[in-house]
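Quick notes on the structure that follows.
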Number of protein chains: 2
Amino acid sequence: MRRSEIRNHLLETALRLFNEHGYQATGIDLIIAEAGVAKTTLYRHFETKEDLILAALERRDEEDRSAMRAFVDDHATDPLERIFATFDFLEAYVDDWRFSGCIFVSAAGEHKDTVDPVFRAAVMHKRLTLAYFEELVHAARFVEPKRIAAEIHLLHEGAVVVAQMSRTAEPVRQARQMARKLFATAEQSPLSRSAPHAAPGAKA
Amino acid sequence: MRRSEIRNHLLETALRLFNEHGYQATGIDLIIAEAGVAKTTLYRHFETKEDLILAALERRDEEDRSAMRAFVDDHATDPLERIFATFDFLEAYVDDWRFSGCIFVSAAGEHKDTVDPVFRAAVMHKRLTLAYFEELVHAARFVEPKRIAAEIHLLHEGAVVVAQMSRTAEPVRQARQMARKLFATAEQSPLSRSAPHAAPGAKA
DNA sequence: ATCTATCGATACAGATCGGTATCGTTTAAT
DNA sequence: ATTAAACGATACCGATCTGTATCGATAGAT
């Protein structure tokens with residue numbers, strides 16, 4: 001294995017095991033065994049296990065959010081439909097056979113102290129995801145974009161947790177239906193959302 | 001301390017510590033130290049740590065659901081308002097300074113194997129909670145009661161997870177608003193709910 | 001081709017884990 | 001008052017944990 005690939009390989013292996021068994025339950029020895037790497041090698045790339053967890057979460061954060069962006073860009077152009085497309089992305093995410101809950105929620109559940117770096121990393125992921133929702137909602141010209149974005153976020157989180165327990169993607173489909181019902185009646189800006197010319201204060 | 005109280009005391013102590021630090025992170029030694037009890041005593045009441053976890057979850061399950069029932073009974077008589085009262089209960093639950101996320105979701109996050117008894121116990125709690133929602137929805141004469149109950153459940157779970165990250169009760173209030181908007185337009189049975197006159201029993 | 005940094009393998013340290021064994025003391029029921 | 005069970009305290013077991021030390025082999029860059 002090439003030198004520069006080891007770090008990536010370690011992160012991917014750790015991420016997979018964290019997702020399968022959790023953080024505390026995943027020992028360093030298991031990670032290096034699955035990665036086929038010596039313990040010294042792991043500790044040359046990551047100072048502590050916590051550093052490995054943080055690096056893994058950071059990587060997954062970027063992966064997830066850029067994957068959602070790409071999915072939305074690929075599947076919808078209409079600003080309103082782009083909002084609903086996030087639920088389609090979520091459905092595919094939950095339908096993966098490796099799915100066993102949101103790893104950030106699990107990370108927050110295992111590191112409950114609000115000053116714990118792992119907890120803070122989980123919170124940061126949710127904040128960045130919420131910020132993307134705000135972009136989408138803003139582009140759809142909703143009034144109170146922050147409120148609508150928070151509602152989308154809440155639906156996403158609820159769907160994922162229920163899906164984690166029921167091991168079905170049905171909660172995600174239900175969340176999308178709820179979103180459609182909620183945002184069909186949500187008042188939009190006087191300048192209708194399909195207006196090709198930019199509305200004042202448009203961010204993206 | 002009286003003999004019969006030891007088991008209860010152990011369960012309460014364990015529950016508190018599990019809620020503070022999680023399950024794996026809470027060692028037996030910490031539990032007995034906080035409970036002021038010898039290790040032999042703990043193992044005379046519970047065969048293994050897993051048994052202690054399961055007993056704690058079972059206890060908490062019954063406590064939570066009976067507390068929600070009592071709250072709803074106390075705060076609303078109108079069948080529709082009783083549904084919304086569950087969100088008021090949830091708000092008080094989340095507003096507690098000891099709140100750090102749903103212990104059943106955390107339990108499922110730390111025991112991801114679907115055949116793990118702890119995971120199954122967490123799932124059972126959610127199923128029983130959902131069943132109660134179905135009772136409430138049925139009493140409110142909604143068509144498709146199971147669908148409506150699942151939506152309430154999804155809103156609850158989403159609110160709790162977002163509240164876990166933000167450490168605010170605001171997500172719960174938002175979830176209640178979403179429920180009001182969703183179920184205001186939800187079609188009810190031809191026999192409209194019994195009280196056509198102004199809603200009594202709404203919370204103060 | 002040589003040098004240097006990183007690799008794999010292994011052994012080990014020190015702490016902590018869940019759980020057991022022992023024993024003297026206390027408590028509840030007869 | 002006596003008996004039997006549960007108690008507290010403590011020492012201990014084997015396993016596992018994160019992290020370090022050592023050392024020969026290997027690979028990248030010059």
Closest to side chain of B/V37, choosing from D/dT20, D/dG8, C/dA9: D/dG8
Along DNA chain C (nearest heavy atom to each residue), the more 5'-positioned of B/Q24 and A/T41: A/T41
Pair B/E20 + B/R98: basic N to acidic O under 4.0 Å: no
Cation-pi check, B/R180 onto B/F84 ring (under 6.0 Å, within 45° of axis): yes
Heavy-atom side-chain proximity of B/E157 to B/V105 below 4.5 angstrom: yes
Distance, rounded to the nearest Å, where A/H45 contributes NE2 and C/dT6 contributes C1': 8 Å
N/O donor-acceptor pair, side chain A/K39 with base D/dG19, under 3.5 angstrom: yes
Value in whole Å for how far the C1' atom of C/dC17 lies from CG of B/L17: 16 Å
Whole-Å distance separating the CZ atom of B/R7 from the P atom of D/dC7: 12 Å
Sub-4.5 Å side-chain heavy-atom contact between A/I31 and A/L52: yes
Atom-pair distance (CG on B/L10; C1' on D/dA6), nearest Å: 13 Å
Side-chain heavy-atom pair B/E50, B/D116 within 4.5 angstrom cut-off: yes
Distance in angstrom units between B/H21 NE2 and C/dC17 P, rounded: 12 Å
Integer-rounded Å distance: C/dT26 P and B/E5 CD: 20 Å
Nucleotide C/dT20, atom C1' - distance to CG of B/D29 in whole Å: 13 Å
Sugar-phosphate, base or nothing in reach of A/T40, heavy atoms under 4.0 Å: base
For atom NZ of B/K49 and atom P of C/dC17, their distance in whole Å: 8 Å
Nearest to side-chain heavy atoms of A/I6, which nucleotide of C/dC7, D/dG19, D/dA9: C/dC7
Residue mapping more 5' on DNA chain D - nearest nucleotide basis, A/I28 or A/R44: A/I28
